[in-house]
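Following: one structure in structure tokens, then a few remarks.
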Amino acid sequence: MGRVYVFVNQKGGVGKTTSAISLGAYLAEEGKSVLLVDFDSQANLSSGVGAAAVKPGVYELISGTASIEEVIRPTETPNLSVIPASIDLSGAAVELIEQDDRDYFLKKALAPVRNSYDFILIDCPPSLGVLTINGLVSADAVLIPMQCEYFALEGLTLLLQTIKRIQKRLNPGLEIGGLFFTMYDSRTRLAQEVVSQVSAYFKQKVFTTIVPRNVRLSEAPSHGQPISRYDPQSSGGKAYKSLAEEVIRRSKLGVSGEGVNRGA
């Protein structure tokens with residue numbers, strides 16, 4: 001059975017989309033079949049793997065005007081496919097509010113291919129609205145990228161509250177798959193303090209790999225390539241390769257993290 005992870009952080013600019021692309025690409029390079037789902041109307045994930053403005057995409061999928069087979073696109077990375085997004089998805093948030101089953105649209109749409117992939121990675125918008133809730137309801141576990149700064153700690157509290165509500169009402173099996181740090185600068189005391197505080201609180205849920213600040217990670221999307229193809233020898237590339245290996249190891253050992261209410 002495949003594993004569905006959703007990348008969530010309501011704070012923008014934390015490396016969420018970069019992490020989804022990079023992790024997905026390295027999982028694919030490890031021989032895993034991976035499906036990326038761009039569930040953000042900004043469609044940055046889509047452009048980051050060379051699938052910008054490709055239709056039909058995820059909006060057509062959840063609106064019922066296209067089948068799951070019609071919207072899955074291959075990428076230049078073997079074993080890595082994507083369901084692209086477009087600006088049309090911005091209207092879905094309004095449309096879904098009117099529906100009785102608005103929180104389950106993505107889960108139902110992905111059901112036919114749920115077990116066709118080793119990993120399905122969902123990239124959500126930087127908010128805790130209906131699209132992100134759909135992502136959380138669809139997933140087995142949440143992956144939380146955290147920038148090493150003070151406001152990231154504040155946002156984490158709100159995110160955990162949202163996850164608790166989802167567990168209680170909509171997806172009782174949802175787990176915290178893990179937290180990992182991005183844009184880390186070892187020269188700053190604040191970065192070190194954030195890592196120390198979060199690691200002490202979440203313990204085994206924190207990934208060992210820390211992703212450093214790296215200009216090559218910022219450049220890769222403009223070339224429509226994941227870092228694994230653009231510059232795998234960069235510090236960012238090496239970090240995400242290590243993170244992928246951790247994800248695989250945890251999924252095999254069944255240590256993907258416990259629910260928010262259990263040991264958090």
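Counting from 1, the numbers follow the sequence of the chain as shown.
- Under 3.5 Å, the side chains of Glu245 and Tyr240 contain no donor-acceptor pair of N or O atoms.
- Listed for the Asn171 side chain is a donor-acceptor partner under 3.5 Å among the backbone atoms of Val137.
- Within a 6.0 Å radius of NZ in Lys32, more than 12 heavy atoms belonging to other residues, nucleotides or ligands are found.
- A donor-acceptor contact shorter than 3.5 Å is absent between the side chain of Asp118 and the backbone of Gly2.
- Glu95 CD to Arg102 CZ: the interatomic distance, rounded to the nearest 0.5 Å, is 14.0 Å.
- Atom CZ of Arg165 sits about 4.5 Å away from atom OG1 of Thr162, to the nearest 0.5 Å.
- Taking a cutoff of 4.0 Å between a charged side-chain nitrogen and a carboxylate oxygen, Asp101 and Lys108 qualify as a salt bridge.
- Arg250 forms a cation-pi arrangement with Phe207, by the criterion of a distance under 6.0 Å to the ring centre and an angle within 45° of the ring axis.
- Thr209 and Glu246 share a donor-acceptor pair across their side chains, judged by distance under 3.5 Å alone.
- With hydrogens and angles ignored, the 3.5 Å screen pairs no side-chain donor or acceptor of Glu60 with any backbone N or O of Val71.
- In this structure a side-chain-to-backbone donor-acceptor pair under 3.5 Å is missing from Ser81 to Ile72.
- Distance alone, capped at 3.5 Å, places no donor-acceptor pair between the Lys11 side chain and the Pro126 backbone.
- In this structure, Ser234 contributes its side chain and Gly237 its backbone to a donor-acceptor pair below 3.5 Å.
- Checked by atom type, the side-chain pair Thr17/Asp123 shows a donor-acceptor distance below 3.5 Å.
- Electrostatic pairing of Arg73 and Asp38 does not count as a salt bridge here, judged by no charged N lying under 4.0 Å from a carboxylate O.
- Separation of atoms OH (Tyr5) and CD1 (Ile122) is listed at 12.5 Å; rounding is to 0.5 Å.
- Although no hydrogens or angles enter the test, the distance criterion places a donor-acceptor pair under 3.5 Å between the side chain of Gln167 and the main chain of Leu174.
- Both Tyr230 and Val82 belong to a common hydrophobic cluster when Ile, Leu, Val, Met, Phe, Trp and Tyr are linked at side-chain heavy-atom distances under 4.5 angstrom.
- Checking side-chain atoms of Ser138 against main-chain N and O of Lys107 turns up a donor-acceptor pair under 3.5 Å.
- Side chain of Glu70 to backbone of Ser67: a donor-acceptor contact under 3.5 angstrom is found.
- Formation of a donor-acceptor pair under 3.5 Å by the Ser22 side chain with backbone atoms of Thr18 is found in this model.
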